[in-house]
Amino acid sequence: MKLLIATTLLTLLAIPASAQTEIERDFDTFVTWFSGNWDNEIQTFNESIQGLPDDMRHGRIHMKYQAVTSNTLPGVLFVIENYGTEGLQGDLNYVSVHHFYADVERQAIAHELWFSTNGDWNYLAGNADAAADLSAGDYRFNQQCVLYWKREASQFKGATDPGACITTEGGEDVVVEATGILSRGDLWRSDLVHDTSGKRIRGLDEFERFRKARFYSCYGRHKAADGGWVNFKDF
């Protein structure tokens with residue numbers, strides 16, 4: 001009897017965790033890594049130092065990714081505040097909403113880009129939790145343009161299905177090839193837009209490279225015009 005029990009336990013231990021458990025575990029890691037502030041300032045600075053022509057440079061972007069649990073849908077919504085050249089201290093450019101969930105059938109993390117049916121998402125700035133109550137009538141998305149992220153060692157790689165993401169710009173059909181790479185401290189992304197003949201309309205070969213932004217306080221003092229010292233605190 002003891003031998004039978006021991007054999008049974010060894011057999012159970014040898015059975016791998018279910019695929020669903022694995023993708024759910026990956027999903028939790030993905031959400032943790034994706035959350036936070038991202039900035040491509042290092043990339044734009046290096047491009048300026050290298051003297052790249054304007055049409056080969058990336059614009060400065062600072063993004064604030066906030067995870068929100070939906071009251072009606074599986075997975076997580078990300079409310080993303082997008083800022084420009086001055087970073088988080090500058091003006092808000094726009095707000096976007098993305099939906100992520102574990103697609104068990106594909107063993108991947110599905111990534112939908114939502115568009116507001118009521119204008120834009122700017123009302124969610126500083127009020128991301130309000131996205132939890134979004135319902136089907138509040139958004140639309142192109143089902144052909146879903147990115148699928150899969151974990152490979154210490155990073156996630158995401159991409160749309162080749163040739164599948166077809167949308168309309170200026171009354172003409174275009175093909176979007178979206179790809180991304182996510183690790184604990186880096187986010188790379190690329191969106192290339194072609195016409196149906198394969199001619200590129202928009203996008204650079206080089207990925208946009210974002211680093212996880214971390215904020216700190218800096219204290220010190222400097223000399224004033226009258227020769228005295230002035231204390232300062234900067235962020």
Side-chain angles (χ1 to χ4, degrees), residues 19-44 58-84 87-88 92-104 106-116 121-122 124-134 139 141-143 145-161 165 176-191 206-215:
Q20 184 173 5
T21 300
E22 182 177 349
I23 192 62
E24 287 176 344
R25 183 167 60 250
D26 286 345
F27 181 78
D28 290 341
T29 301
F30 183 93
V31 170
T32 299
W33 288 1
F34 215 49
S35 300
N37 289 267
W38 297 94
D39 201 303
N40 69 340
E41 185 176 19
I42 294 175
Q43 181 182 34
T44 57
H58 293 88
R60 167 83 188 283
I61 304 173
H62 182 101
M63 304 179 297
K64 183 178 180 181
Y65 281 63
Q66 303 162 90
V68 178
T69 302
S70 171
N71 291 328
T72 58
L73 294 168
V76 166
L77 299 177
F78 268 95
V79 176
I80 305 172
E81 297 179 12
N82 296 268
Y83 297 83
L88 196 60
L92 175 71
N93 286 341
Y94 63 94
V95 177
S96 54
V97 175
H98 298 233
H99 177 218
F100 295 82
Y101 63 92
D103 187 325
V104 177
R106 291 188 61 140
Q107 283 300 286
I109 297 166
H111 173 183
E112 303 166 351
L113 171 58
W114 283 8
F115 300 92
S116 173
W121 300 115
N122 287 355
L124 294 174
N127 186 32
D129 288 341
D133 295 320
L134 291 175
Y139 64 88
F141 70 95
N142 189 333
Q143 295 183 2
C145 297
V146 177
L147 276 79
Y148 294 97
W149 296 81
K150 294 186 177 182
R151 184 162 189 172
E152 296 184 9
S154 59
Q155 63 185 10
F156 290 88
K157 291 185 177 180
T160 49
D161 289 335
C165 182
V176 180
E177 301 289 346
T179 55
I181 301 173
L182 173 70
S183 64
R184 191 183 301 272
D186 294 274
L187 172 62
W188 292 15
R189 70 180 190 185
S190 173
D191 296 300
E206 186 74 20
F207 277 87
E208 288 180 302
R209 301 182 179 185
F210 297 88
R211 292 284 295 167
K212 183 67 72 74
R214 294 173 173 82
F215 300 96

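Side chains are part of it too, since the values below use all heavy atoms of this structure and drop only hydrogens, waters and symmetry mates.
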**Student:** For R151, check side-chain hydrogen bond (donor to acceptor under 3.5 Å, both in side chains) against everything at least two apart and list the hits.
**Tutor:** none
**Student:** Can any side-chain N or O of T160 pair as donor or acceptor with the backbone N or O of A178 at less than 3.5 Å?
**Tutor:** yes
**Student:** Quick test of your reading: applying salt bridge (Lys or Arg N to Asp or Glu O under 4.0 Å), list the pairs with at least one residue in residues 59-73, sequence neighbours left out, ordered by first then second residue.
**Tutor:** D39-R60, E41-R60
**Student:** Determine yes or no for a side-chain-to-main-chain donor-acceptor pair under 3.5 angstrom, with E208 supplying the side chain and G59 the backbone.
**Tutor:** no
**Student:** Tell me whether the rings of F78 and F100 are parallel (<30°), tilted (30 to 60°) or perpendicular (>60°).
**Tutor:** perpendicular
**Student:** Could you tell me the separation between the OG1 atom of T72 and the CG atom of L134, rounded to the nearest 0.5 Å?
**Tutor:** 8.0 Å
**Student:** Could you pull out the closest heavy-atom pair between S183 and S154, with the gap in Å?
**Tutor:** CB-O, 3.9 Å
**Student:** Answer whether the closest heavy-atom distance between the side chains of I109 and F156 falls below 4.5 Å.
**Tutor:** yes
**Student:** Taking the side chain as everything from C-beta on, heavy atoms only, tell me whether Y94 gets closer than 4.5 Å to N122.
**Tutor:** yes
**Student:** Please work out whether the ring planes of H98 and H111 are parallel, tilted or perpendicular, with thresholds of 30° and 60°.
**Tutor:** tilted
**Student:** From K157 NZ over to L147 CG, what is the distance, rounded to the nearest 0.5 angstrom?
**Tutor:** 14.5 Å
**Student:** If you round to the nearest 0.5 Å, how far is OG1 of T21 from CG of D26?
**Tutor:** 11.0 Å
**Student:** Considering all heavy atoms of both residues, which atom of Q107 and which atom of V104 are nearest to each other, and what is their separation?
**Tutor:** NE2-O, 2.8 Å
**Student:** Would you name the heavy atoms of F141 and V146 that are closest together and state the gap between them?
**Tutor:** CE1-CG2, 4.5 Å
**Student:** Using every non-hydrogen atom in the two residues, find where W149 and I181 come nearest and quote the distance to one decimal.
**Tutor:** CZ3-N, 3.9 Å
**Student:** Counting only heavy atoms not in I42 (residues, nucleotides, ligands), do more than 12 fall under 6.0 Å from its CD1?
**Tutor:** no
**Student:** Of F34, F27, W33, which is the lone residue that meets ring pair (Phe, Tyr, Trp, His ring centres under 6.0 Å) with F30?
**Tutor:** F34
**Student:** Once you round to the nearest 0.5 Å, how far does CD of E206 lie from CH2 of W188?
**Tutor:** 7.0 Å
**Student:** Could you tell me whether K212 and D186 have a side-chain N and a carboxylate O separated by less than 4.0 Å?
**Tutor:** no
**Student:** Do you know the tightest heavy-atom contact between N40 and F210?
**Tutor:** N-CD2, 3.5 Å
**Student:** Grab the two heavy atoms, one from A213 and one from H62, that are nearest each other, plus how far apart they are.
**Tutor:** CB-CE1, 4.1 Å
**Student:** When you measure from the side chain of Q43 to the backbone of F207, do you find a donor-acceptor pair of N or O atoms at a distance under 3.5 Å?
**Tutor:** yes
**Student:** Not counting sequence neighbours, which residues clear side chain to side chain contact (heavy atoms under 4.5 Å, CB included) with Y101? List them please.
**Tutor:** H99, D103, A110, E112
**Student:** Looking at side-chain heavy atoms only, is the closest gap between L124 and Q66 below 4.5 Å?
**Tutor:** no
**Student:** Rounded to the nearest 0.5 Å, what's the gap from CG on D191 to OG1 on T179? Could you check?
**Tutor:** 7.5 Å
**Student:** Using distance alone, with no hydrogens and no angle criterion, decide if N82 and N93 have a side-chain donor and acceptor under 3.5 Å apart.
**Tutor:** no
